[in-house]
Amino acid sequence: MIETTEQRNERQLAAMRARLYAPSMVEMIFRVAERDPKRLCVADPEEFLDYGGFKNRILEKASILRGMGVCPGDRIVALAAQRADFLALHFAVHLAGAVFVPLGRELPETRVKEVAEKVGARFVLTESRLSGECAPFTPVFPKEESPATILYTTGTTGTSKGIELSHRAEVAVAQNVFYGTEMEPDTIELIPMPVHHSYGLRHCFGLFLGGRSIVLCDGVAMADTVFDLMDRYRVNALSLTPAALMVLTTLTGERLATYAHSIRYLQLGTAGVDATVKEKMRRMLPHSRLYQYYSSTEAGCACIFDYRNDKSPRRVGRPACNSHFVIMDDEGNPIESSAERWGFIACAGPMNMTGYYGEPELTAATMQNGFVRSQDIGYIDEEGYLCFVCRSGDVINTAGYKVAPEEVEAVALRYEGIRECACSGVDDPLYGQVPKLYVVPEDADTFDTAALYRHLQRELEPWKLPHGIELICAVPRNYMGKMQRKLCEQAVRLIPSGGKETHGTH
């Protein structure tokens, strides 16, 4: 039988996946270190480690941990630092057979103690630099089904959850990232996102998997440090959140555009990317691949989308190499979805969490037949793209119609003079709920809400029109930059200098 081009490509891809696979990320790193020990592994503002040096750092820390009495299966809580040494600690805990529980340094002491007690932590490490006797031991790599990491996240509901991940899940998410971004052999990626959160950590995994190089920095507020690191290590790829990108471009204007010929890709995650940001990146980085991630801590990096040449407002991409999506109804049954028929987005694949640590009922409610069922509303279009509509809690039910706030926001942002905006449902005695639009204007004194409303009338169905337009100072967001629409009513109102509040209503 003659092999088709499609069959040959699939066979070659399967062979590559087999090569870039090990039962655990720490074993994968050791393989790269044996093959290419002098290659840059991870750098930060304080130090530079090649793969050989990173491997030795992991071995040293694992030996000290064993000398401290750490045993297989122990849970180790560690306060994060945006440094190469902290990543080495992560994998040293795994090499010692224990489970890593990273937490942010900004957490109050009582919260750290609460998490440590909940997971039954053997140790709480406040520093990644360990001191103690090195106990002789023969490293044994973890098995793929063993627990690896518990990531704590507040999520969009604010409820704290510990998400347990196996070693297989971490390798699978690394494959999703690596293949999804089509990393070149000489990729050097800057990651200013916290490495105790899923987004930053998982992008490190993807780079480690293929033996690529990582440059860490602590956020983007110190913009000169960001660009100094980019120049020093010849960075050619970036991972950012939309909020971090906004901060960086606000602080430095068009400076990012000066790297247009060297940046191969820019990836944005943790929050939706609106059309104005996408268009700005197309203009500033005309030669770069522009990725948007759809993922969650529970089902990591499940969808990756290069939006450079696709301007579909709802598409978030096709499934990553280890992912499979279905759309479910309220009872958890798969449905045939479309732009007219939405449902809950559910994802299956080896990168999915094992469950919520110590929360069997919550796990059972979220994981159904191998799928992680999210609270996101969406559909799969005729070309197989996953399309995100909104969070289920953000859907506005008005007079029997369902309104996605993102659609109203997208139309509003096409009106000149709006920095950002958010749409949310407010109670109404006649319709149950009605949309209301909150706008952050470029200039509150000259902004014309009546003209904005006329613009919306031309492009939206009557039931989608906001029943009020209010000017606010900023759209509320959580610590990862995700919009908090339901908090807009509590946002600080803008009153034009004339002293008269501006409301646009129909």
Side-chain angles (χ1 to χ4, degrees), residues 25 75 77-78 80 90 99-104 106-107 111 115 118-119 147-177 180 191 193-206 239-244 267-272 292-304 316 319-320 322-323 325 344-360 362-368 370-376 386 388 391-393 477-484:
M25 283 306 306
R75 270 80 63 197
V77 170
H90 185 125
V99 180
F100 198 57
V101 189
L103 297 176
E106 73 281 358
L107 288 182
R111 177 63 182 138
V115 170
K118 184 168 184 177
V119 301
T149 306
I150 301 173
L151 294 178
Y152 268 84
T153 175
T154 58
T156 55
T157 64
T159 303
S160 180
K161 301 182 288 286
I163 293 164
E164 188 172 14
L165 301 163
S166 68
H167 289 284
R168 176 68 183 102
E170 294 193 337
V171 173
V173 78
Q175 291 175 319
N176 281 356
V177 172
I191 299 181
M193 314 322 301
V195 292
H196 66 283
H197 287 151
S198 60
Y199 180 49
L201 181 60
R202 286 165 171 172
H203 284 272
C204 290
F205 287 169
S239 283
L240 296 169
T241 64
Q267 46 196 352
L268 298 172
T270 76
Q292 170 185 355
Y293 274 75
Y294 174 79
S295 66
S296 64
T297 311
E298 292 88 340
C301 301
C303 216
I304 303 172
V316 293
N322 287 312
S323 308
F325 285 97
F344 291 95
I345 298 172
C347 181
M351 71 285 159
N352 279 1
M353 69 174 181
T354 306
Y356 295 111
Y357 187 86
E359 302 279 358
L362 183 59
T363 299
T366 304
M367 302 189 74
Q368 301 174 4
F371 285 86
V372 169
R373 177 181 159 177
S374 74
Q375 292 302 304
D376 293 340
L386 180 67
F388 174 83
R391 291 282 297 174
S392 61
R477 297 178 183 273
N478 68 9
Y479 67 96
M480 290 299 287
K482 291 184 179 179
M483 191 182 294
Q484 306 283 69

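Values reported hereafter were calculated over all heavy atoms of this structure, with side chains retained and with hydrogens, waters and symmetry mates removed.
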query: Looking only at heavy atoms, what is the nearest atom pair of Cys301 and Arg202, with distance?
result: SG-CB, 4.3 Å

- request: Quick one: list whatever passes side chain to side chain contact (heavy atoms under 4.5 Å, CB included) with Ser323, sequence neighbours left out.
  value: Asn176, Ala302, Pro319, Ala320, Phe325, Cys347, Met351

task: Mind telling me whether Phe388 and Tyr294 have parallel, tilted or perpendicular rings, with 30° and 60° as the class edges?
output: tilted

message: Please find the pair of heavy atoms, one from Asp376 and one from Ser374, that lie closest to each other, and give the distance.
response: N-OG, 3.1 Å

- prompt: Distance from Ser239 atom OG to Tyr199 atom OH, nearest 0.5 Å?
  reply: 4.0 Å

message: Measuring only between side-chain heavy atoms, which start at C-beta, is Val77 closer than 4.5 Å to Leu103?
response: yes

query: Would His90 and Thr149 count as a side chain to side chain contact (heavy atoms under 4.5 Å, CB included) if you check the C-alpha gap in whole Å, the side-chain angles of each, and the deciding distance to 0.1 Å?
result: CA-CA 9 Å; His90 185 125; Thr149 306; 3.5 Å; yes

- request: Show your reasoning for whether side chain to side chain contact (heavy atoms under 4.5 Å, CB included) applies to Tyr152 and Lys118.
  value: CA-CA 11 Å; Tyr152 268 84; Lys118 184 168 184 177; 3.6 Å; yes

- prompt: Less than 4.5 Å apart, any side-chain heavy atom of Ile191 and any of Cys204?
  reply: yes

query: Any ion pair linking Glu298 and Arg373 (charged N to carboxylate O, less than 4.0 Å)?
result: no

- prompt: Can you name the residues that form a side chain to side chain contact (heavy atoms under 4.5 Å, CB included) with Thr366, not counting sequence neighbours?
  reply: Met353, Tyr356, Leu362, Val372

- line: Looking only at heavy atoms, the pair that brings Gln375 and Phe344 closest together is OE1-CE2, 3.8 Å

query: To the nearest 0.5 Å, how far apart are CE in Met193 and CG in Leu268?
result: 9.5 Å

Working for side chain to side chain contact (heavy atoms under 4.5 Å, CB included), residues Phe205 and Val177: CA-CA 8 Å; Phe205 287 169; Val177 172; over 6 Å; no

- line: Interatomic distance, CE@Met25 vs CG@Leu201, rounded to 0.5 Å, equals 9.0 Å

- line: Here the pair of heavy atoms bringing Ile150 nearest to Val119 is CD1-CG1, 4.2 Å

- prompt: Looking at CD1 of Ile163 and OG1 of Thr297, how far apart are the two atoms once the value is rounded to the nearest 0.5 Å?
  reply: 4.5 Å

field: Heavy-atom pair of closest approach, residues Ala172 and Asn322
entry: O-ND2, 3.0 Å

statement: Nearest heavy-atom approach of Pro147 to Val99 is O-CG2, 3.7 Å

- prompt: Residues two or more places apart in sequence or in another chain: which of them pass side chain to side chain contact (heavy atoms under 4.5 Å, CB included) with Ala80?
  reply: Phe86, His196

